[in-house]
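Just so you know, residue 1 is the first one in the sequence shown, and it goes up from there. Ligands are counted one by one from 1 in listed order, and the atoms in each one are counted from 1 as well.
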Amino acid sequence: MSRKKTSKSKGASTPAASTLPSANGPRPARSGTARPGPDAPPNGPLQPGRPSLGGGGDFYDVAFKVMLVGDSGVGKTCLLVRFKDGAFLAGTFISTVGIDFRNKVLDVDGVKVKLQMWDTAGQERFRSVTHAYYRDAHALLLLYDVTNKASFDNIQAWLAEIHEYAQHDVALMLLGNKEYGLPFMETSAKTGLNVDLAFTAIAKELKQRSMKTPSEPRFRLHDYVKREGRGASCCRP
Ligand SMILES: Nc1nc2c(ncn2[C@@H]2O[C@H](COP(=O)(O)OP(=O)(O)OP(=O)(O)O)[C@@H](O)[C@H]2O)c(=O)[nH]1
Ligand SMILES: [Mg+2]
C-alpha cells in the first residue's frame with residue numbers, strides 16, 4: 001500500500017477515513033512492543049475509504065484510527081479490552097510498552113465502521129514513540145482515573161501534547177475511568193448538565209427509603225443515574 005508522508009502543518013487536517021490494512025494479522029511480537037512489528041498497520045496517512053475486507057474476514061465500509069492517551073495506570077488498556085472482548089483485565093497491572101493496537105468493526109446506522117484503536121503507553125519514557133502516532137489519528141480518547149487526582153491534573157499537559165502532535169481537527173473526548181462504586185455523573189452548574197438529575201435521583205432514593213411501598217418496584221439509584229445520566233458533556237475550563 002503506497003503511502004505518502006505528509007509533514008504535519010497546522011493547516012493540515014485529519015486524514016480522510018480509510019480502509020486500513022488489517023491489523024488483525026499476527027500481533028506484534030509482544031503486545032505493546034516499543035515499535036509494533038512489521039505486521040502493524042502503517043502509521044502513514046490513510047487511503048480514501050472503500051468497502052474492504054480486513055484480515056479476519058471482517059467487512060467494513062470505512063475505517064478510522066483512534067488513539068487512547070493518558071497517564072500510566074488510568075486504565076487505557078483495560079478500557080480497550082473491555083470494549084473489544086467484553087472482559088475486565090483484573091489482577092496485576094502490566095504496563096503497556098510503547099504502543100499496541102486492537103481492531104473492532106461496529107455497525108453505525110448500517111455503516112460498518114472499523115476502529116483501529118491504538119493503545120499508548122502512559123509512561124513518560126515512551127512518549128517519543130507515541131508522538132509519531134498522533135499525526136494521523138482521527139480521534140483521541142484522553143483518559144484520567146477518577147480515583148487519582150494527579151491523573152486529572154495532568155490532563156492539561158496531555159492537551160498540550162495533543163495540540164503539539166495531533167491534527168488541529170482531531171476528534172477529542174475526555175473519559176474519567178474507574179469509579180468508587182458510587183453512582184457517578186458529571187454536572188455543570190453553568191450549563192445545567194445533569195443538575196436536575198442529581199437532585200431528582202437523590203430525592204427518589206430518599207423517598208423510597210422512607211416511604212417503602214412493597215408493591216412499588218424497587219428504585220435503584222445506580223441504574224437510574226446510569227440510564228438517565230446525560231453523559232454527553234463537554235469540559236470547559
Ligand atoms: N477499579 C478499577 N480498576 C481499573 C479500571 N480500569 C483499569 N483498572 C486497573 O488499573 C490498573 C491499570 O490499568 P491499565 O489499563 O493497565 O492502565 P493503562 O492506562 O493501560 O497503563 P499504561 O499501559 O501504563 O499506560 C490495572 O490494575 C487495572 O486492573 C476500572 O475501571 N476500575
Ligand atoms: Mg496500558
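- Regarding atom 23 (O) of ligand 1, its nearest protein heavy-atom neighbour is Thr96 N, 2.8 Å.
- Across all their heavy atoms, Val225 and Phe184 have their closest contact at CG1-O, 3.6 Å.
- The CD atom of Glu186 sits 10.0 Å away from the OG1 atom of Thr191 when rounded to the nearest 0.5 Å.
- Without hydrogens or angle criteria, Asp71 side chain to Gly122 main chain gives no donor-acceptor distance under 3.5 Å.
- Between Met67 and Tyr133, the shortest heavy-atom contact is SD-O, 3.3 Å.
- The nearest protein atom to atom 6 (N) of ligand 1, hydrogens excluded, is given as Asn177 ND2, 3.1 Å; this is a heavy-atom distance.
- Gln116 places no side-chain N or O within 3.5 Å of a backbone atom of Val66 that could act as its donor or acceptor partner.
- The closest side-chain heavy-atom distance from Lys76 to Thr96 is not below 4.5 Å.
- Metal site remark for the Mg ion (ligand 2): Thr77 contributes an N, O or S atom at a distance under 2.8 Å.
- The protein heavy atom nearest to atom 2 (C) of ligand 1 is Lys178 CG, 3.8 Å.
- Of the N or O atoms in Ser72, one or more lie within a sub-3.5 Å distance of an N or O in ligand 1.
- Atom numbering of ligand 1 starts at 1 in the shown order; those under 4.0 Å from a heavy atom of Ser95 are 22 (P), 23 (O), 24 (O).
- Listed for the Arg127 side chain is no donor-acceptor partner under 3.5 Å among the backbone atoms of Ala121.
- In terms of protein heavy-atom proximity, atom 27 (O) of ligand 1 is closest to Phe93 CB, 3.5 Å.
- The protein non-hydrogen atom at the shortest distance from atom 28 (C) of ligand 1 is Cys78 SG, 3.6 Å.
- If you look at Leu79 next to ligand 1, there are no close heavy atoms at all, none under 4.0 Å.
- For Lys76, a nitrogen or oxygen atom sits less than 3.5 Å from a nitrogen or oxygen atom of ligand 1, counting backbone and side chain alike.
- Within the 4.0 Å cut-off (strictly below), a protein heavy atom is located near atom 14 (P) of ligand 1.
- In summary, no N, O or S atom of Thr120 is located under 2.8 Å from the Mg ion (ligand 2).
- Residue Glu179 has no N or O atom closer than 3.5 Å to an N or O atom of ligand 1.
- A salt bridge is defined here as a Lys NZ or Arg NE, NH1 or NH2 lying under 4.0 Å from an Asp or Glu carboxylate O, and Lys204 with Glu228 fails to meet this definition.
- Under a 3.5 Å cut-off, the side chain of Thr120 and the backbone N or O of Leu68 do form a donor-acceptor pair.
- Taking distance alone, with nitrogen or oxygen atoms compared against 3.5 Å, Leu89 approaches ligand 1 more closely than that limit.
- Looking only at heavy atoms of the protein, atom 21 (O) of ligand 1 is closest to Gly73 N, 2.9 Å.
- If you check which protein heavy atom lies closest to atom 17 (O) of ligand 1, you get Gly75 N, 3.3 Å.
- Between Val113 and Phe64, the shortest heavy-atom distance links the atoms CG1-CD1, 3.6 Å.
- The Gly122 neighbourhood of ligand 1 comprises atoms 22 (P), 25 (O), with distances under 4.0 Å to a heavy atom of that residue.
- Side-chain atoms of Asn177 come within 3.5 Å of backbone atoms of Val74 as a donor-acceptor pair (strictly under, hydrogens ignored).
- Residue contacts with ligand 1 leave out Gly70, since none of its heavy atoms falls under 4.0 Å from the ligand.
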